[in-house]
Amino acid sequence: MKKRTHKCNEVSKDLIGKDISITGWIRRRRDHGGVIFFDVRDETGLVQVVYNPELKEIFGLAESCRNEFVIYSKGKVRERPEGTVNKNLISGEVEIEATELTILNTSLPLPFQLDEHSSVGEETRLKFRFLDLRRDEMQSNLRLRAKVSQVLREFLNHNDYIEIETPLLTKATPEGARDYVVPSRTFPGSFFALPQSPQLFKQTLMASGFERYYQFAKCFRDEDLRADRQPEFTQLDIESSFVDASEIINLVTEMIKTVFKESLDIDLGDFPVLSYSDAIELYGIDKPDLRNPLTFIEVKDLFKDSDFKVFSEPANDEESRIAALSVPKGETLTRKQIDDYTDFVGNYGAKGLAYIRVEDPSKGKEGLQSPIIKFIDDEIINKLLTVLDSKKGDIIFFGAGKRNIVNDSLAALRNLLGKDLDLLESDWAPCWVVDFPMFEKNNKGELTPLHHPFTAPRGSIDELKADPLNALTDAYDVVLNGTELGGGSVRIHDHEMQKVVLSLLGINEEQAEEKFGFLTSALQHGCPPHAGLAIGFDRMIMLMTNSESIRDVIAFPKTQTASCLLTDAPGEASNEQLDELHIKFHGLEKEKK
RNA sequence: GGACCGGUAGUUCAGUUUGGUUAGAACGCCGCCCUGUCACGGCGGAGGUCGCGAGUUCGAGUCUCGUCCGGUCCGCCA
């Protein structure tokens, strides 16, 4: 193959008069009849090559070239004629006057245009992913991804962390999601599970004396997909021995700041820390977007004696809350928009969306406009306006009802209002959320871990047993712009404590032994205290590239039904394969080939 | 499991509300012309299983039902 002497972006004024050669794709061909221009693209950028009719042979060849042909071309670098400099190109002051042209490969016409001026549906993009990845946006996303992983590795290596790989073919563990399962040929009827995270392995490595571990770990969860969720994804997994929560938090804060600084030249500033309970109280969610200045204000007490049942019932119910969101610029919202918001909070179980428009707060009730105002006493209204410090033009939204419904619906509304009314006050707002409860109750009334069953509760075993629902942990989530970037905790290293936590979750010793005896055994053989965290690497890149979807930062992602449009995976297994794996279909006729 | 949006030329879309002649546009593609363009330009041309299947109707891209595919969200994802 003919070798290039330079890459496209290296062609500059310094090379004027020199004979050089380049290789790349014809991004665009402009044929003027008497002169032909190619914009040639390689991984560095674009350069213009000019073909003149004096050199009949290569001119003819150039006429036969089409977009996305792969070529080698040689020629003399020269300054562009006056008035033809292209300031949009790094190499735009010069061009190559071609003396040689070789077509290294041709290309069929593309199924879609690669330039930034045309839009393409995602289905087509995914089907021809190899072409989609040629586009500038995808190139820069994946290149940033590589850069970020490099900075993270350097940071962790520099802090004496070492990377250790853990198996993908492993055993189902008591983690929350549905497992991807792989049949065993050698053990009929037995299955491997792909890891949902390397959690148990990294704790085991702590018992093994690798005091500082990290890994870019592929994780698999067979759950329904979202714009920010893929069935296989990458975690930056970190664990360290002899450290407490603050040391992990400090390390990871520094790490994330370093990555943003070195990859994007962004200074993230301080990472405020707020407790789980404050986060829920103020934002209704454990991953608040702190770019948004709106906070919930609890107004339950005001309505204890109100005649307005919609409010007085939750006001007198232990499990309910009444939260108000006082929104500046709310006057611009139309009736239609408010109706849409009402439908929107309905998705989260809210039965309605009460609101008050504040037209002139000095006039008290007369200065307000709202369908609920006639049900509320003047005295309560006045207190409300004072508590909320209401100003002309505000609109106040209320969530009243069961805590989780109010929290979920109003938290989602808060995010939507932030976007619709352009309320966000900064580009980046990181924070830590700490002091998570150990357990919560699921809808069956059973205890489930908020984090996972290997998170260490604070306090003693006796305290935990006495009041498990009020036990707090040293778990911590790092949140950026309303996205959970990562989370972790101090782990249980005491065998007795681990037994108690598992028993509270309804897992007896025998079951624990069968599922992850290796961990309980490790805990009994000198496992040091340890703590760690995992970062959602794809989500982090999604934020850093300002992408709408996690699919835009993954080279070969799956669709919402977890299929791959490029490879057409998943596919059928042959009868031979199924026989070897001792698998038969029931209730599903396998198509005969 | 549920709600909603979309599927028409290679691509992005219009046309669907109110059923009616031969389904349009732009970009791309093909041909011819063009010596300074850079999203080149001009002229001409080809290109359609209106996702699929039933149904209603004299007649369906358009209405009804079902189904498949893509997407957003709820549930789910410790």
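A quick note: this is a predicted structure, and the numbers were derived from the prediction, not measured.
The nearest pair of heavy atoms linking A:Thr455 to A:Ser489 is OG1-OG, 3.3 Å. Taking all atoms of both residues into account, the shortest heavy-atom contact from A:Phe59 to A:Gly33 is CZ-O, 3.2 Å. A:Val501 and A:Pro457 make their closest contact through CG2-CG, 4.0 Å (heavy atoms, listed as atom of the first residue, atom of the second, distance).
Taking the six-membered ring where tryptophan is involved, the planes of A:Phe38 and A:Tyr51 are tilted, since the angle between them lies from 30° to 60°. Ring-plane geometry between A:His32 and A:Phe37 is classed as perpendicular, the angle between the planes exceeding 60 degrees on a 0 to 90 degree scale with a lower cut at 30. Taking the six-membered ring where the residue is Trp, A:Tyr180 and A:Phe220 present perpendicular rings, their angle passing 60° and hence far from 30°.
Protein atom CD of A:Glu97 is 13 Å distant from nucleotide atom C1' of B:rU35, rounded to whole Å. When rounded to the nearest whole Å, the span between CZ of A:Phe38 and C1' of B:rA39 equals 17 Å. To the nearest angstrom, P of B:rC29 lies 8 Å from CZ of A:Arg66. Whole-Å rounding puts the A:Asn88 CG to B:rA39 P distance at 7 Å. Protein atom CD of A:Glu116 is 12 Å distant from nucleotide atom C1' of B:rC38, rounded to whole Å. Residue A:Gln560 contributes atom CD, which lies 12 Å from atom C1' of B:rC4 at whole-angstrom precision. Here the P atom of nucleotide B:rC69 and the CG atom of A:Asp568 are 11 Å apart, to the nearest Å. Summarising the geometry, the separation between CG on A:Leu55 and C1' on B:rU35 is reported as 14 Å, rounded to the nearest angstrom.
Residue A:Lys127 places its NZ atom among 12 or fewer non-hydrogen atoms of other residues, nucleotides or ligands, all under 6.0 Å distant. A:Lys515 NZ: 12 or fewer foreign heavy atoms inside a 6.0 Å radius. Open room surrounds CD on A:Glu57; 12 or fewer heavy atoms of other groups in view lie less than 6.0 Å from it.
Between A:Ile492 and A:Gln203 there is no side-chain heavy-atom pair separated by less than 4.5 Å. Using a 4.5 Å heavy-atom cutoff, the side chains of A:Phe516 and A:Pro453 are not in contact. Side-chain atoms of A:Phe128 and A:Thr124, non-hydrogen and from C-beta on, do get closer than 4.5 Å to each other.
Pairing of B:rC30, defined by two Watson-Crick or G-U wobble distances under 3.5 Å, is identified with B:rG44. When both pairing distances are held under 3.5 Å, B:rC77 makes no Watson-Crick or G-U pair with any nucleotide shown. Under the Watson-Crick or G-U wobble criterion, with both distances below 3.5 Å, B:rU56 is left unpaired in every strand shown. For B:rC38, there is no paired base (Watson-Crick or G-U wobble, both distances below 3.5 Å). In this structure, B:rU72 forms a base pair with B:rA3, meeting either the Watson-Crick or the G-U wobble geometry with both donor-acceptor distances under 3.5 Å. Base pairing of B:rG61: no nucleotide in any strand meets the Watson-Crick or G-U wobble criterion (both distances under 3.5 Å).
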Quiz prompt | Where protein sits on nucleotides 11-16 of chain B, one letter per nucleotide: B base, S sugar-phosphate only, - none, heavy atoms under 4.0 Å | solution = SS----
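Across all strands, A:Arg78 comes closer than 4.0 Å to base atoms (heavy-atom distances). Looking at heavy-atom distances under 4.0 Å, A:Asn86 makes contact with a base. At a threshold of 4.0 angstrom between heavy atoms, the contacts of A:Glu95 include nucleobase atoms, whether or not backbone atoms are also involved. Among the atoms of the strands shown, base atoms are found under 4.0 Å from some heavy atom of A:Pro81. Within the nucleic acid shown, A:Tyr348 comes within 4.0 Å of sugar-phosphate atoms alone, with no base atom in reach, counting heavy atoms only.
Under 3.5 Å, the side chains of A:Arg321 and A:Asn407 contain a donor-acceptor pair of N or O atoms. Donor-acceptor pairing under 3.5 Å is lacking for the side chains of A:Gln235 and A:Ser197.
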Check the interface with nucleotides 5-8 of chain B: list each N/O to N/O pair with the protein under 3.5 Å, or write none.
none

Output one line per pair: protein atom, nucleotide atom from nucleotides 40-44 of chain B, and distance, for all N/O pairs under 3.5 Å.
{"unit_1": "B:rC40", "atom_1": "OP2", "unit_2": "A:Arg28", "atom_2": "NE", "d": "3.0"}
{"unit_1": "B:rC40", "atom_1": "OP2", "unit_2": "A:Arg30", "atom_2": "NH1", "d": "3.2"}
{"unit_1": "B:rC40", "atom_1": "N4", "unit_2": "A:Asp31", "atom_2": "O", "d": "2.7"}

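Distance check on atom C1': B:rU22 versus B:rA3 gives 41 Å, rounded to whole Å. Taking atom P in both B:rA46 and B:rA26, the straight-line distance is 15 Å, to the nearest Å. Rounded to the nearest Å, the gap between the P atom of B:rG66 and that of B:rC5 is 15 Å. With both ends at atom P, the span from B:rC58 to B:rG2 equals 36 Å, rounded to whole Å. Taking atom P in both B:rG70 and B:rC77, one finds a spacing of 23 Å when rounded to whole Å. On the P atoms, B:rG55 is 26 Å away from B:rU16, given to the nearest whole Å. Separation of the P atoms belonging to B:rG24 and B:rG15 is 15 Å when rounded to the nearest angstrom.
Contacts of A:Glu513 classified as salt bridge (Lys or Arg N to Asp or Glu O under 4.0 Å), with partners at least two apart in sequence or in another chain: none. Residues satisfying the salt bridge (Lys or Arg N to Asp or Glu O under 4.0 Å) criterion with A:Arg29, sequence neighbours excluded, are A:Asp31.
Looking at the side chain of A:Thr84, the nearest of the listed nucleotides B:rU35, B:rG71, B:rC38 is B:rC38. Checking B:rU72, B:rC29, B:rU37 against the side-chain heavy atoms of A:Phe37 singles out B:rU37 as nearest.
Taking every heavy atom of residues 223-231 of chain A and every atom of RNA chain B, pairs under 4.0 Å involve A:Glu223, A:Asp224, A:Arg226, A:Ala227, A:Arg229, by number.
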Quiz item: Checking side-chain contact (heavy atoms from CB on, under 4.5 Å) for the pair A:Val77/A:Val11: CA distance, chi angles, key distance, verdict?
Solution: CA-CA 8 Å; A:Val77 179; A:Val11 184; 4.0 Å; yes
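Mapping A:Arg539 and A:Thr561 onto RNA chain B via the closest heavy atom, the residue that lands nearer the 5' end is A:Thr561. Between A:Thr559 and A:Thr448, the residue whose closest nucleotide on RNA chain B is further toward the 5' end is A:Thr559.
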